[in-house]
There are 2 protein chains.
Amino acid sequence: MQELRRIVGDAHVLVEDADVIVYEQDGSILQAMPEIVVLPADVTQVSEVIRAARRAGFPIVPRGSGTGLAGGAVPAGGGVVVSLARLNRLLGVDYRNRTAELEPGVINLEVTKGVAKAGFFYAPDPSSQAACSIGGNLANNSGGPHTLAYGVTTNHALGVEVVLHDGSIVWLGGTVPDVPGYDLCGVFVGSEGTLGIVTRAIVRLMRAREDVRTLLAIFDSMDSATQAVVDITAAGIVPAALEMMDKTTIEAVERGAPAGYPRDAEAVLLLEVEGVREYTERALRMAHEVCTRAGARQVRAARDEQERQALWKGRKGAFGALGTLAPNYYVMDGVVPRSKLPQTMRAVAEIAEQYQVRIANVFHAGDGNLHPNILFDIRVPGALDRVIEAGAAILRACVAVGGSLTGEHGIGLEKRDYMEWLFSKDDLEAMTRVRLAFDPQRAFNPGKIFPTPVSCGEVRRAPARIPEGLWI
Amino acid sequence: MQELRRIVGDAHVLVEDADVIVYEQDGSILQAMPEIVVLPADVTQVSEVIRAARRAGFPIVPRGSGTGLAGGAVPAGGGVVVSLARLNRLLGVDYRNRTAELEPGVINLEVTKGVAKAGFFYAPDPSSQAACSIGGNLANNSGGPHTLAYGVTTNHALGVEVVLHDGSIVWLGGTVPDVPGYDLCGVFVGSEGTLGIVTRAIVRLMRAREDVRTLLAIFDSMDSATQAVVDITAAGIVPAALEMMDKTTIEAVERGAPAGYPRDAEAVLLLEVEGVREYTERALRMAHEVCTRAGARQVRAARDEQERQALWKGRKGAFGALGTLAPNYYVMDGVVPRSKLPQTMRAVAEIAEQYQVRIANVFHAGDGNLHPNILFDIRVPGALDRVIEAGAAILRACVAVGGSLTGEHGIGLEKRDYMEWLFSKDDLEAMTRVRLAFDPQRAFNPGKIFPTPVSCGEVRRAPARIPEGLWI
């Protein structure tokens, strides 16, 4: 403890319950108290903190902004939480080679804000982008509505500087597109803080598109809406975003911050295309036809930026608006092959009925990335258990059609026991080998990702609070 | 030996010098004799062969089509060469989810041929695509002229089935876009056969583009030509391909299979744009202007498919045509940030002068991926040594401006000693840890990638033969 204080200064070591309680949870329904929270200022301090913590035998739990949705930053086995919030500098931008170098505590949206004037943007746009950090995005390989066109974080991370369990500082990847040897930058991205701590990253910047066009299609049945998603991509249209909201979500939006969606519709589809003007116009025309043919009862295209923002308004406010329907929610993050979307949405509806829960679906339909939000009231005895069971049933249904447990939220603490549905013992062993190659004592974020039995006596389930100003 | 025969059948175990000599080299200037060559027919046989070879203490050298350019498939320490040529089935295609499942021995071009009728293609297009295998592409993370728009192999490999050192069979990644846990498929891609053997892969298919337009720009100075490359991307044009040939290459082409390039030009730039018609027309117009402004003396756009093929003809025949200038060549594969292209090309010219060698440049300019071909005559005493030194000087110049040792050919045997220019001891140790996690005894492809001192007494340098019908 004395040593940690010496490294980062008294003000940046928190030990009192009143101080560390802020760090006991993330955006999930899980909580556990850290023993110590440390806020280092730079890579040297991170390295020294890790060495000191390891000498004392503490596990290390890296933390970004704490907006994660799977308990990845919850200190399941106690230990030292290392917050990267103070490593928040945008270090440099190279417009000619389209890269930016930055620290992990930089907030996602700040990157785009910093380069927008020069006509660039940073593509991964998680819904929490106003609050989540680049470090957290790297840990979870985060996506966002525009993942469909631009890919997830790993497609935009060129290199990372990391601190390993012994305090050594290593660069993985770099500015050059083709780094020889193993793609270890790619391994770190999505490793959920289990291999080491990223202290610096080089990310790709993209040129702002000339034109963005948005269309809203309204459907009387979820089946027609999901079929439209399949048909749009089959027609060769690659939207920048293709988002879906179901009837329950529409109801929440129209109660909360009305966006003019018809309350009797079963689903609305929000489609965005980007590119040169001639292309966007034609793609929008094609998408209009496909939606109509799939059975849309109405299709509206935004005529200007103001109308475009109006169409997005409901989607952006959807998550927050769910609070008008229930005090608590549990959001799932399943993925299915796009062609399995219609049958999976039917399965989700059946599960809602079977478990007697209300589910609001608002999700990245184009990616086959579902976000069923199970609405509930924590005060009703047994409600949370039923909700967790329904969530597991949904993920099982995703895996059953060749899908996956997470699209962008990570496995964390929440879904580690489901990993065996997706991976064989040999598969998990191969991953564990890599984990142990970097972190032989499982010092970093123990109890996450892998279905390893670890002591988690301290983990509690708590109601997720609907975050102000955030949306998924 | 008896055991290998039992596993794969007598006909598929080669031991006689006359039989194994075919396997002593790849497309590089390096050679070494294998002790045994085995050609298994399926994953079970691969697994059994690995177990038998390891029991006998033999190193294992995986081999695709042998078109590699860095000695990656050369059995530097002897051992068993495992050829994947018989695992050559296209197992299935899923057009709705845009994936194909195939064995590693499938020839690259066969994938596109197999799906072209349905309007799809497989994007990575190494110049040897008529001969190289998907397994070799995965091992080297191969690129090609269209890497600029579509990325390298790792961007198109979704999952791989691999056999590890103990014969265990593991799936890494899969059909779903978001596989949780570590991205081990990404680690295998580009690992040059040092971690295990890929026996099955799931790759991404892309929709054929509506329109392809091609333009040839002729320059009186290399400086103007490289500046045009920088300006084209700065203008926001993302060509599907952006290829450069210098004066020496032009001379070779016009001697070999004339393409109508002016012999007094210093450089020609071949630019291709793909997409919807309205876009390609406008992008071509913009590229035309940029090239003219950068100092092109002439810019020709192909008006139809026949003219387009004529423009490409010189580029496609360039590599083979180099044989008209010298009996041997040594091709380098440096990468530099695009903005450093002008100064790097000047450095290459200076190196040619300093080492008194003739260099023909034909390369993926848009990616900053150089292919200086050092022309020489193996019969001249000392020529090969000078050529290898000049090659090293070129790669040093690439690294000096923030570049890399290889864009698409891999490190192999050829450049392992240069890895220390790019990586610190700690960086290399991190990679070695991962290597040993998969392959604790360095059974797979020992002596490759890493600057580990291994016994290579048997490695000989031999003149590279200019391959018939292949081009880079």
Side-chain angles (χ1 to χ4, degrees), chain A residues 96-97 141 143 152 154-155 164 168-172 175-184 186-187 189-191 207 230 234 236 275-276 278-279 282 335-339 367-369 402-408 410-411 415 419 422-424 426-427 430-431 433-438 449, chain B residues 96-97 141 143 152 154-155 164 168-172 175-184 186-187 189-191 207 230 234 236 275-276 278-279 282 335-339 367-369 402-408 410-411 415 419 422-424 426-427 430-431 433-438 449:
Chain A
R96 282 193 306 179
N97 294 305
N141 193 14
V152 287
T154 197
N155 305 118
L164 302 177
S168 60
I169 301 165
V170 173
W171 262 103
L172 309 173
T175 39
V176 169
D178 304 285
V179 178
Y182 307 137
D183 178 16
L184 299 189
V187 174
V189 176
S191 64
R207 297 275 303 198
V230 177
V276 296
E278 299 89 336
Y279 165 71
R282 191 152 60 117
V335 185
V336 296
R338 202 160 32 218
S339 62
D367 294 303
N369 185 188
S404 171
L405 300 168
T406 173
E408 50 188 19
I411 295 296
K415 282 165 292 194
M419 285 287 273
L422 204 55
F423 296 104
S424 74
D426 280 347
D427 295 346
M431 283 192 209
R433 270 184 227 165
V434 170
R435 200 267 171 80
L436 296 178
F438 281 101
I449 302 182
Chain B
R96 281 194 306 179
N97 294 305
N141 193 16
V152 287
T154 196
N155 304 119
L164 302 177
S168 61
I169 301 166
V170 173
W171 261 104
L172 309 173
T175 39
V176 169
D178 304 284
V179 178
Y182 309 136
D183 178 16
L184 300 188
V187 174
V189 176
S191 64
R207 297 277 301 200
V230 177
V276 295
E278 300 88 337
Y279 165 72
R282 190 153 60 118
V335 185
V336 296
R338 201 160 33 219
S339 62
D367 293 303
N369 186 189
S404 171
L405 301 168
T406 173
E408 51 188 18
I411 295 295
K415 282 165 292 195
M419 285 286 273
L422 203 56
F423 295 105
S424 74
D426 280 348
D427 294 347
M431 282 192 209
R433 270 184 227 166
V434 171
R435 199 265 172 80
L436 296 179
F438 280 101
I449 302 182

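Keep in mind that what you see is a predicted model, and the values were worked out from it rather than measured. Each chain gets a letter, A, B and so on, in the order the sequences are listed, and its residues count up from 1.
- Neither the backbone nor the side chain of A:S424 comes within less than 4.5 Å of any heavy atom of chain B.
- Ranked by heavy-atom pairs under 4.5 Å with chain B, the first of A:I411, A:N369, A:L422, A:L184 is A:L184.
- B:R338 touches chain A through backbone and side chain together, each having a heavy atom under 4.5 Å away.
- Under the ring-ring contact (aromatic ring centres under 6.0 Å, His included) criterion, A:F438 pairs with A:F188, sequence neighbours left out.
- Heavy atoms closer than 4.5 Å to chain A are found in the backbone of B:A234, but not in its side chain.
- Only the side chain of B:L164 has a heavy atom closer than 4.5 Å to any heavy atom of chain A.
- Contact count against chain A (heavy-atom pairs under 4.5 Å) is highest for B:V187 among B:N141, B:V187, B:L172.
- By number of non-hydrogen pairs under 4.5 angstrom with chain B, the leading residue of A:M419, A:R96, A:M431, A:K415 is A:M431.
- Across A:L436, A:V170, A:V230, the residue that shares the most heavy-atom pairs under 4.5 angstrom with chain B is A:V170.
- Between B:P180 and A:S404, the closest heavy-atom pair is CD-OG, 3.3 Å.
- Interface summary for chain B: among A:V434, A:I449, A:D183, the most heavy-atom pairs under 4.5 angstrom belong to A:V434.
- Here A:G181 is the residue among A:G186, A:S168, A:G181 with the most heavy-atom pairs under 4.5 Å with chain B.
- Residue A:V189 does not touch chain B at all, counting heavy-atom pairs closer than 4.5 Å.
- A pairwise comparison of heavy atoms in B:G407 and B:V335 identifies CA-CG2, 3.3 Å as the closest pair.
- Among all heavy-atom pairs drawn from B:G143 and B:V152, the shortest one is CA-CG1, 3.9 Å.
- Per-residue heavy-atom pair counts under 4.5 Å with chain B were compared for A:T154, A:D427, A:T406, A:D426, and the maximum is reached by A:D427.
- Applying the salt bridge (charged side-chain N to carboxylate O under 4.0 Å, His left out) criterion to A:R282, with sequence neighbours excluded, gives B:E210, B:E278.
- In this structure, chain B has a heavy atom under 4.5 Å from the backbone of A:I169, while its side chain stays farther away.
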Check: Given the rule in the side-chain contact (heavy atoms from CB on, under 4.5 Å) test, do A:F423 and A:L405 qualify, once you have shown the distances and angles that lead to the verdict?
Finding: CA-CA 11 Å; A:F423 296 104; A:L405 300 168; 5.9 Å; no
